[in-house]
Amino acid sequence: MARRIDLDLGERGYPIHLGAGLLADAGRLIGERLAAGPCLLVSDATVAAHHGAACAAGLRAAGFAPTTATFPAGETSKTVATAVELWQACAAAGIGRDGGIVACGGGVTGDLAGFIAATWMRGVAFAQIPTTLLAMVDSAVGGKTGVNLPAGKNLIGAFHQPICVIADPLVLATLPPREYRAGLAEVLKYGVIGDPAFLTWQEAHAAALAAGEPGAVERAVAESCATKARYVAADEREDGVRAHLNYGHTFGHALEAEGGYAIWLHGEAIGIGMRMAVDLARRLGVLTDPTLAARQDALLAAYRLPMTHPVTDPDTAAVRLAGRCRQDKKARAGRVRFILPRRAGEVMMVTDPPTEAVVAAFRSALGGPR
Ligand SMILES: NC(=O)c1ccc[n+]([C@@H]2O[C@H](COP(=O)([O-])OP(=O)(O)OC[C@H]3O[C@@H](n4cnc5c(N)ncnc54)[C@H](O)[C@@H]3O)[C@@H](O)[C@H]2O)c1
């Protein structure tokens, strides 16, 4: 049974459709929001090989005339150079002001295609068909689009909301298991920051989720999307409460950067970062439920996510990592912000905590070489 979650953003609001088999129906669902005509179907080459034909067929069946544009899979494609190629593809495909762009892929595809949609002809409609768990529960919802520069990730971008999101959990069957598990870290994040009942539900269904059991996955995606939709509706441009979605991210971004973006998938680094965030919360005396650390660890283990970041020199590495936090894109005017948990369902922002505490929190989840 398909579910629908509405992201309430007034005239920029949109439905998130979720259900097994919806990929074949994507053209019809997009057609409810956009007049049929030429559209650019953007995927990386891997996703195009698995799901491109089904997606294009659904679009054609609904009267659209899709032109497929692909790029090599991976974060290294999320560049201005790929954006130029996609703008040129828009020109070649005759995408006008009333045309559309359809992103079928993971977060890289969604961020790139969304950025093209935000900028082509000063903004055209785009639809998100996420094909990774991370994209379903996080990147496809909320309207953040962009590309990377050598100087940092996501430095160029725009807020541009999709006209709809269509998540079909069946497409996850082809996703590499490591990518799937990395997405579970974000699902766990929603369990900690959102409704405490969702954390309890994950504890009862951890094995089913780890195994990718369809019913459990669908419920987890629905709960996660609904939580993200609430935060985005309350604070579209991250001036306040939307920052709570960055739980674990200040630590995680430092770990990703330290590893040259080659050691960890994003979700893996966030999982370790959430352990460090609980440690920092405990050190600062803001953690009111001491059982949260063990509950979070148990779920990370059940999802077979890494628990520590490997280093040869933990003491000096912790100091170095704490220094990296100041370079985080989300540090404002040199001030470092951490989202820290108090208990399940309640987090708070702490700005510029004492450096010794941050160093110690990093140190708490650094391990020996892998
Ligand atoms: N916009 C946002 O709010 C937001 C939020 C979080 C992350 N992001 C961005 O998302 C990106 C990471 O997204 P991701 O983890 O989805 O990475 P990704 O798009 O690179 O996909 C990961 C890999 O899985 C493959 N893949 C995707 N779907 C598949 C499928 N169904 N079957 C087989 N293979 C498949 C891809 O080809 C790729 O190799 C980062 O660039 C990050 O900055 C954006």
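Because only heavy atoms are used, hydrogens play no part in the values below, and waters and symmetry mates are left out as well, while side chains stay in. Heads up: numbering here begins at 1 and tracks the sequence. Every number for a ligand or one of its atoms is a count from 1 in the order of the listing.
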> Can you find an N or O of Thr174 that's nearer than 3.5 Å to an N or O of ligand 1?
yes
> Looking at atom 24 (O) of ligand 1, what's its closest protein heavy atom, distance included?
Leu175 CD1, 3.8 Å
> Do you know the tightest heavy-atom contact between Leu340 and Ala277?
CD2-O, 3.5 Å
> Is the contact between Leu265 and ligand 1 made by the side chain, the backbone, both, or neither, using heavy atoms and a 4.0 Å cut-off?
neither
> By number and element, which atoms of ligand 1 are closer than 4.0 Å to a non-hydrogen atom of Val171?
31 (N)
> Among Thr288, Val286, Ile193, Leu292, which one satisfies side-chain contact (heavy atoms from CB on, under 4.5 Å) with Pro341?
Leu292
> Does Asp8, at its CG atom, have more than 12 non-hydrogen atoms belonging to other residues, nucleotides or ligands within less than 6.0 Å?
no
> Please write down residue, atom name and distance for the protein heavy atom closest to atom 23 (C) of ligand 1.
Glu179 OE2, 3.5 Å
> Just to verify, which of Asp168, Leu18, Leu170 counts as forming a side-chain contact (heavy atoms from CB on, under 4.5 Å) with Glu218?
Leu18
> Would you mind checking which non-hydrogen protein atom is closest to atom 27 (C) of ligand 1, with the distance to 0.1 Å?
Thr132 CG2, 3.2 Å
> Mind checking whether Leu172 has a heavy atom under 4.0 Å from ligand 1?
no
> With side chain to side chain contact (heavy atoms under 4.5 Å, CB included) as the test, would you mind laying out the steps for Leu41 and Cys55 before giving the verdict?
CA-CA 8 Å; Leu41 172 58; Cys55 195; 3.8 Å; yes
> Give me the ring orientation class for Phe251 and Phe362: parallel if the planes are under 30° apart, tilted from 30 to 60°, perpendicular past 60°.
perpendicular
> Can you sort out which atoms of ligand 1 are near Gly106, meaning under 4.0 Å from one of its heavy atoms?
16 (O), 19 (O)
> With atoms numbered from 1 as shown, which atoms in ligand 1 lie under 4.0 angstrom from a non-hydrogen atom of Lys228?
3 (O)
> Going by the order shown, which atoms of ligand 1 are within less than 4.0 Å of some heavy atom of Val47?
26 (N), 27 (C), 28 (N), 29 (C), 35 (C)
> Does ligand 1 have a heavy atom under 4.0 Å from the side chain of Leu134, from its backbone, from both, or from neither?
side chain
> List every atom of ligand 1 that sits less than 4.0 Å from any heavy atom of Asn154, numbering the atoms from 1 in the order shown and giving each element.
43 (O)
> Can you name the atoms of ligand 1, numbered from 1 with element, that are less than 4.0 Å from a heavy atom of His51?
31 (N)
> I would like to know whether Glu238 and Tyr231 meet side chain to side chain donor-acceptor pair (under 3.5 Å); could you show each step before the answer?
CA-CA 9 Å; Glu238 199 174 309; Tyr231 278 102; over 6 Å; no
> Can you check side chain to side chain donor-acceptor pair (under 3.5 Å) on Thr79 and Thr82, steps first, answer last?
CA-CA 5 Å; Thr79 59; Thr82 310; 3.1 Å; yes
> Between Gln202 and Glu223, does the side chain to side chain donor-acceptor pair (under 3.5 Å) criterion hold? Intermediate values first, please.
CA-CA 11 Å; Gln202 288 189 51; Glu223 293 281 349; over 6 Å; no
> Return the closest protein heavy atom for atom 17 (O) of ligand 1 as residue, atom name and distance.
Gly107 N, 4.0 Å
> Give a yes/no verdict on whether any heavy atom in Gly183 is under 4.0 Å from an atom of ligand 1.
no
> When the ring centroid of His266 is compared with that of His249, is the distance short of 6.0 Å?
yes
> On a heavy-atom basis, I'd like to know which of Leu170, Thr131, Asp44 is closest to atom 37 (O) of ligand 1.
Asp44
> For the residue pair Glu75 / Tyr261, report whether a side-chain donor-acceptor contact shorter than 3.5 Å exists.
no
> Looking only at side-chain N and O atoms, does Lys78 offer a donor or acceptor that is under 3.5 Å from a partner on Asn154?
yes
> Suppose we measure from atom 9 (C) of ligand 1 to each protein heavy atom; which comes out shortest, and what is that distance?
Asp111 OD2, 3.4 Å
> Taking only heavy atoms of Asp138, which atoms of ligand 1 are found under 4.0 Å from at least one of them?
5 (C), 6 (C)
> Hey, do the aromatic rings of Phe115 and His160 have their centres closer than 6.0 Å?
no
> Return the residue, atom name and 0.1 Å-rounded distance of the protein heavy atom closest to atom 4 (C) of ligand 1.
Ser139 CB, 3.2 Å
> For atom 41 (O) of ligand 1, what is the nearest protein heavy atom, given as residue, atom name and distance?
Glu75 OE1, 2.7 Å
> Within less than 4.0 angstrom of ligand 1, does Glu186 place any heavy atom?
no
> Distance under 4.0 Å to a non-hydrogen atom of Lys144: what atoms of ligand 1 satisfy this?
1 (N), 3 (O)
> Side chain, backbone, both or neither: which applies to Pro176 and ligand 1 if a contact is any heavy-atom pair less than 4.0 Å apart?
side chain
> Tell me, which protein residue and heavy-atom name are nearest atom 20 (O) of ligand 1, and how many Å apart are they?
Val108 CG2, 3.3 Å
> Between Thr67 (side chain only) and Ala93 (backbone N and O only), is there a donor and an acceptor less than 3.5 Å apart?
no
